[in-house]
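Encoded as structure tokens, the structure appears first; notes follow it.
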Amino acid sequence: MGAKAIVLVGAGLAVLASGCTSNHAALNPAGPRARHIADLMLLFVGVSTIVYLVVIAFLIWAMWRRRARAHLQGAQATRAAENKARRVIGAALALTVVVLITLALADFFVQRFLAAHPADALRVLVTGHQYWWEVEYDDPDPSQRLHTANEFHIPVGRPVELVLTSQDVIHSMWLPNLTGKKDLIPGHTNTEVLLADKPGEYSGQCAEFCGLQHAQMRLIVRAEPAAQFETWRQQQLAPARAPQSDAERRGQEVFVRSTCILCHTIQGTDASATVAPDLTHLASRGMLAAGTLPNTQGNLSSWILAPHRFKPGVQMPATALPPDELAALAAYLASLR
Ligand code: CUA
């Protein structure tokens, strides 16, 4: 029992500690928006804790006092006690109002800060799908509009305005290190601003139950210095790398003559469907299936063959291919850096 309690307390402390250091934690802000939200939360928790302790202290004091004064009697003593109680209650009431107004004002100023959208922001359109994130960088020049999915990069220090909508049901984007939650609603657009002041890889999650694989609808944002971001942007804008080996050439043939082409795009090939994630630079992403599997050639094969095994309820159908064709297809996809 004692050992169990120690383990539980240890685990609790570990969770608290990771909350202050991890790349998926509201208490580890990496930008001014998340910092304001974290400060507001700490203010509310701090004030509530103090109020709770003061109330408990008064409760204990009142119980002890009542026992100590039980022998006092008479109308005069009662009147004096009532007058005192009225004053104490009046003071407590006034203090409560002051505390509530202070918290309401703090909340108002944080909301006002969060509602301000900078004019020079980079615009990124994010569309929620069951169960993945479609990402498009907006640009007046169509050739500069880059498409990716589930993982995108932002420049450190420059605000990014996300324009959020959904293709099917309501989703919610939550990148706790960068900002609060915002819903993605079909037929409606919401906006949210990301501003990272530290480079890093920040993990996000769909925060609105949207179906069987809601929990496996993750997203990664990489914040990097402007020059590095520009390199990534140029690399993502380029058409897909041409197949180099025989296996890759065979894999590309398999891709364009199988059902893959009905849903996916690979820029520079005949595949241009937009139902499912753009695969032009699939191999440059760290994870497959919205954070479900590490992006390796082996996992690609397993995923194509039986996506439901990893993500029951996923919209992608299983694709039965002879082993040699599957291996060639996986080799081709794994080459799309
Ligand atoms: Cu999308 Cu939950």
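As the structure lists them, so they are numbered: ligands from 1, and atoms in each ligand from 1. Numbers here simply count residues along the sequence, with the first being 1.
At a cut-off of 2.8 Å, His171 is not counted among the residues with an N, O or S atom near atom 2 (Cu) of ligand 1. Put simply, Tyr131 stays out of reach of atom 1 (Cu) of ligand 1, with no N, O or S atom under 2.8 Å from it. Note on Cys206: counted as a metal contact of atom 1 (Cu) of ligand 1, an N/O/S atom lying under 2.8 Å.
Looking only at N/O/S atoms, Glu208 comes nearest to atom 2 (Cu) of ligand 1 through O.
Salt bridge status for Arg285 with Glu151: absent, with no side-chain N to carboxylate O gap under 4.0 Å.
Atom SG of Cys206 and atom CD of Glu208 lie 7.0 Å apart (nearest 0.5 Å).
To the nearest 10 degrees, atom 2 (Cu) of ligand 1 sees ND1 of His214 and SG of Cys210 at an angle of 120°.
Contact check for Cys260 versus Leu262: no side-chain heavy atoms found under the 4.5 Å cut-off. Considering only heavy atoms from C-beta on, Leu122 comes within 4.5 Å of Phe229 through its side chain.
Ring planes of His129 and Trp132: parallel class, angle under 30° (limits at 30 and 60°).
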